[in-house]
Amino acid sequence: MNVFIREMKSNRKSLIIWCIGIFLLIASSMGKYAGLSASGQSMNELLAQMPKSFQAIMGIGTFDLSTPIGYYGVLFAYLVVMATIHATMLGANIISKEEREKTAEFLFAKPVSRNRIITSKLLASFVNILIFNFVTLISSNFLVQNYSSQAIIGDITILMGGMFILQLMFLFIGTAIAAISKNPKTAPSLSTGTLLITFMLSVAIDMNSRIEKLKYLTPFKYYDAKILLFDRNFDAVYLIQSAVIISVLFRITYVFYKKRDLYI
Amino acid sequence: MQKIILIEIGNWSEKENLNVNVIEIKNLTKYYGKARGITDVSFNVEEGEIFGFIGPNGAGKSTTIRTLLSLIYPTSGSAKIFGKDCIKYGPEVKKEIGYLPSEIFYYDKMKVIDLLKYSASFYKKESIKRIHELAEIMNLDLNKKIDDLSLGNKKKVGIVQGLLHEPKLIILDEPTSGLDPLMQQKFFDLLLAENKKGVTILFSSHILSEVQRLCNRVAIIKEGRIVKVEKISTLKETNHKKFKIEIGAELEKNYFNIAGVSDLVVKDKMISFLYRGNINSIIKKVSEIELINLWVEEPNLEEIFMHYYEKEA
């Protein structure tokens, strides 16, 4: 419990800054929507004439930008990028920082097992990403609802559900890499590198339909706003795949961290 | 009635003679990849003793200690603390261990008192009173941020942190670096007081004089191997003195080539050598010549090691 509280305290500031950032991102984007919606359908027509690769990079795809939720669907891709960067960094740092900041000799000389320390740290990370997700949900609903006549909480909740699974996956990518990595300084950069590669892959798939089969390799494709908003449901294959990835990474985090020498 | 008491006393003294090993290290070997950490290290630390662990930097002192605390795992061999395997029962044995690492790094943004409370929260003991007691002895300001502390003050935080839960075994890794002589004295007094209560201390250092002052027995480690485990009293007997003499007139080269003198170097008017034996006889010899200057020093650790090397070879 003491390690959990310590981690909550030490991550508090950064979490607050992230939450303010995410609120501002949504607020400013929806502010732009106000201007955009005045032009009505002409925006959709204009964007439809843009090259497909441009649309893919911007994440526009097939969204109807004239509706608030369609516009939000594009914004969601950016929210996901922020949420996963936060989760990855959090996961990599929370595990590797004791070694990086040389507090490992203090903490691990205490009468607690490594497993218990990992559990406390994972629990603290879990609460952190949950708060992140909840703040995004509340701000999104509040800010998007301003422009919409229909209730949109259902749409946003399902998107946030997808985002949370993504957050979990990237959190554990961070912790697993930090647990395996013998040099704690490399863990955060390796994790964000992994994030970047999977994100680029998801953009590449949008741009080029010939490599669509690769979509299973990048979690960013698992919870695509277009599909979520259309189906209003999660794809079972992706859900199972996510569960497998999360449990494998979870296991790796414990097993590797327990077995290796601490970097002191 | 009388009889029963006698029997009890008998049992008691038997217990006293039975040396309980608090630490038992058996053929402990640690390689970092191909790089040597320690090779085949074995020694025991008995209950209630202050055991010195001495060797130059990089000899493997910290490696041994970190293995005892299961911060790192041995390549082969094993170690027991309180009779229990130090890795398998790591969390359990660490309840009664206080550890002061050689380099102190703490969560920078914390205040001293918060760190100490955090440290105390790992032990199921009430230790707030003890924290204030120790801080007073060590003259440590509890309300400062750790970030703002000097090296010596950080070391004090480490000392309080290591002692606040009143452990039965204290492991110190080069604890005196950064402490001024006055603080060092207070710290040693503190350790001796703990030791009197029955606490066992493993004291690692590269400074021979402090180990000599404090310890009952000592293990000497060099390049990952234990060179010798010896009582300090025995070590003192075999101790060398380093002589350096400046003379006015040139002297016959072999004037000091007597029993007990080694490493004799005569360079113009400077003579230096190591001496081991009765101090009176060498002083007599020195007094017979005209001196300009004289230095008598404790040989440094390296020279002691040289001595052990020669013996080994």
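Letters A, B, ... mirror the listed sequences (proteins, then strands); counts begin at 1.
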Fill in: Contact winner vs chain A - B:S119, B:S62, B:G158, heavy-atom pairs under 4.5 Å
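Result: the option with the highest number of such pairs is B:S119.
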
Given that the side chain runs from C-beta out, which part of [X] has a heavy atom under 4.5 Å from chain A: side chain, backbone, both or neither?
X	answer
B:E103	backbone
B:K124	neither
B:T67	neither

Worksheet item: Mind checking whether A:F106 and B:F122 have parallel, tilted or perpendicular rings, split at 30° and 60°?
Response: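 Taking B:F122 first and then A:F106, their aromatic rings stand perpendicular (interplane angle over 60°).
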
Discussion item. For chain B, which candidate among A:E101, A:R114, A:R260 shows the most heavy-atom pairs at distances under 4.5 Å?
Written reply: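 Among the listed options, the one with the most contacts to chain B is A:R114.
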
Exceeds 12 heavy-atom contacts within 6.0 angstrom, atom [atom1] of [X]:
X	atom1	answer
B:K111	NZ	no
A:F134	CZ	no
B:K168	NZ	no
B:Y73	OH	yes
B:K197	NZ	yes
A:Y254	OH	yes

Practice prompt. Starting from the C-alpha separation in whole Å, work towards a yes-or-no answer on side chain to side chain contact (heavy atoms under 4.5 Å, CB included) for B:F105 and A:I264.
Written response: CA-CA 11 Å; B:F105 293 94; A:I264 297 169; over 6 Å; no

Worksheet entry | Side chain to side chain, B:Y118 and A:V3, heavy atoms closer than 4.5 Å |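 Of all side-chain heavy-atom pairs linking A:V3 with B:Y118, at least one is under 4.5 Å.
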
Item to complete: Could you check if a side-chain atom of B:Y123 sits within less than 4.5 angstrom of a side-chain atom of A:P111, using non-hydrogen atoms only?
Response: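 A side-chain contact under 4.5 Å exists here.
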
Discussion item. What verdict does the side chain to side chain contact (heavy atoms under 4.5 Å, CB included) test give for A:R6 and B:M110, after you've listed the backbone C-alpha separation in whole Å, the side-chain angles of each residue and the deciding distance to 0.1 Å?
Written reply: CA-CA 10 Å; A:R6 176 92 268 282; B:M110 279 173 120; 3.4 Å; yes

Worksheet item: What part of A:K259 gets closer than 4.5 Å to chain B, counting heavy atoms only: side chain, backbone, both or neither?
Response: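 Contact with chain B is through the backbone of A:K259 alone.
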
Worksheet entry | Heavy-atom donor-acceptor pair, A:K110 side chain to B:S121 backbone, under 3.5 Å |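 Side chain of A:K110 to backbone of B:S121: no pair is present.
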
Worksheet item: Rounded to the nearest 0.5 Å, what separation is found between the OG atom of A:S113 and the CD atom of B:E92?
Response: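 It comes to 12.0 Å.
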
Practice prompt. Before giving the answer on side chain to side chain contact (heavy atoms under 4.5 Å, CB included), spell out for B:L71 and A:D261 the whole-Å C-alpha distance, their side-chain angles and the decisive distance to 0.1 Å.
Written response: CA-CA 6 Å; B:L71 300 173; A:D261 290 343; over 6 Å; no

Practice prompt. For the residue pair A:E105 and B:Y99, confirm or rule out a side-chain donor-acceptor distance under 3.5 Å.
Written response: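 The criterion, which ignores hydrogens and geometry beyond distance, is satisfied for B:Y99 and A:E105.
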
